[in-house]
Amino acid sequence: MEIQGKVALVTGAGSGIGRATALRLAREGASVVVADIDEAGGRETMREIEKAGGRAAFVRADVTEEKDVQAMIAFAQETFGGLDILHNNAGILTDQPRFPDAEPERWSRVLEINLRGVILGTQYGIQSMRQHGGGVIVQTASLAGIIGFATDPVYAATKGGVVLFTASLAPLKDAANIRVNCVCPGIVDTPMLHRGQEAGLEEEPRLAAMLRDLPLIPPEEVADAVVELIRDDSLAGRAMLIPNGLPRSLAPQPPVPLPGR
Ligand SMILES: NC(=O)c1ccc[n+]([C@@H]2O[C@H](COP(=O)([O-])OP(=O)(O)OC[C@H]3O[C@@H](n4cnc5c(N)ncnc54)[C@H](O)[C@@H]3O)[C@@H](O)[C@H]2O)c1
């Protein structure tokens, strides 16, 4: 899909990867709805887009609240006339203590934001896009959802869920002209990482070694991958792997025949 002149909505756009994607989509000529639970961060992203000459509007939305998700999509329609591109990006790591020592209410919040939030956004995004002849949805999953993440198993479970949720929606391409794909970054240089480091992420030796030996991924590289998934009209249900220190590539298709692929 050509991005110029389209309407894009990015969740978690007040920081890190979401901010980089929002800025990039605006630079490519989209009108961007910046959605975040953090009003200050979201408004700052909106100002940065406007300062660079782009079009943006901020809406406060908690992706776990169904009414907020409905309202943010209605806001895109009312403000810019529709919704062509949806980037379901908001996500969190589990705070310390993590599974298995975390209270269930603590890790439940990770499921709510990272998995239920993506599913809710996708559901209402599809409903809106269907009315306008189609669109593109890109989820932010993680390499943790492909290879696991010993430091935060619940986080890995949510991201693995997003990868397979996305794969399951591949048939929407032919059924409704809606392509759903996801990005799976390794370790990205964002405030989430720095908060994680303060909370002892590096206690896990494999992760400590990765952080020591491999370059961090700039959030702008994830934005590049999101743009590639939006532009390539052949891709649906796919996961774009973005490993530290290696070029990005599409995850191989599963070695079994699947309908709709
Ligand atoms: N940083 C990494 O190493 C890394 C790696 C792979 C995947 N990811 C994923 O990338 C996405 C963005 O992470 P980031 O690193 O930019 O983190 P970040 O903390 O810098 O940004 C996340 C944003 O999401 C917002 N947010 C949190 N809960 C929300 C909610 N309930 N509703 C709406 N917005 C909410 C936050 O306010 C924040 O602005 C997440 O899904 C994360 O899991 C990050």
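For ligands, and for the atoms within them, numbers begin at 1 and follow the listed sequence.
Taking the charged nitrogens against the carboxylate oxygens, R24 and E221 have no contact shorter than 4.0 Å, which rules out a salt bridge.
The shortest contact between atom 27 (C) of ligand 1 and any protein heavy atom is with I92 CG2, 4.0 Å. Looking only at protein heavy atoms, the nearest one to atom 17 (O) of ligand 1 is M192 CB, 3.2 Å. Closest to atom 33 (C) of ligand 1 among all protein heavy atoms lies A61 O, 3.1 Å. Regarding atom 8 (N) of ligand 1, its nearest protein heavy-atom neighbour is Y155 OH, 3.4 Å. The closest protein non-hydrogen atom to atom 24 (O) of ligand 1 is G12 CA, 3.4 Å. Distance from atom 29 (C) of ligand 1 to its nearest protein heavy atom, with residue and atom name: I37 CG2, 3.7 Å.
Not a single heavy atom of E44 lies less than 4.0 angstrom from ligand 1. Heavy atoms of G186 approach ligand 1 to within less than 4.0 angstrom. Within the 4.0 Å heavy-atom shell around ligand 1 one does not find R19. The closest approach between any non-hydrogen atom of R195 and ligand 1 is below 4.0 Å. Proximity of A141 to ligand 1 is established by a heavy-atom distance of less than 4.0 Å.
Relative to atom 18 (P) of ligand 1, the option among S15, G91, G41 with the closest non-hydrogen atom is S15. When the heavy-atom distances from atom 32 (N) of ligand 1 to V63, T21, D189 are ranked, the shortest goes to V63. The option with the heavy atom closest to atom 41 (O) of ligand 1, from among N89, I17, T140, is N89. The residue among D62, V110, T190 with a heavy atom at the shortest distance from atom 14 (P) of ligand 1 is T190.
Ligand 1 places these atoms under 4.0 Å from at least one heavy atom of P191: 20 (O). Contact atoms of ligand 1 toward D38: 37 (O) (distance under 4.0 Å to a heavy atom of the residue).
Distances between N or O atoms of N114 and those of ligand 1 include no value under 3.5 Å. Considering backbone and side-chain atoms alike, D36 places an N or O below 3.5 Å from some N or O of ligand 1. In terms of N/O distances under 3.5 Å, ligand 1 is approached by V188. In terms of polar-atom proximity, defined here as any N/O pair under 3.5 Å, I113 makes no such contact with ligand 1. Inclusion of S142 in the set of residues having an N or O under 3.5 Å from an N or O of ligand 1 is not warranted.
For C184, no heavy-atom contact with ligand 1 is shorter than 4.0 Å.
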Would you mind writing out the side-chain donor-acceptor pairs for residues 72-80 within the sub-3.5 Å range, not counting sequence neighbours?
unit_1, atom_1, unit_2, atom_2, d
Q77, NE2, S128, OG, 2.7
T79, OG1, F75, O, 2.6

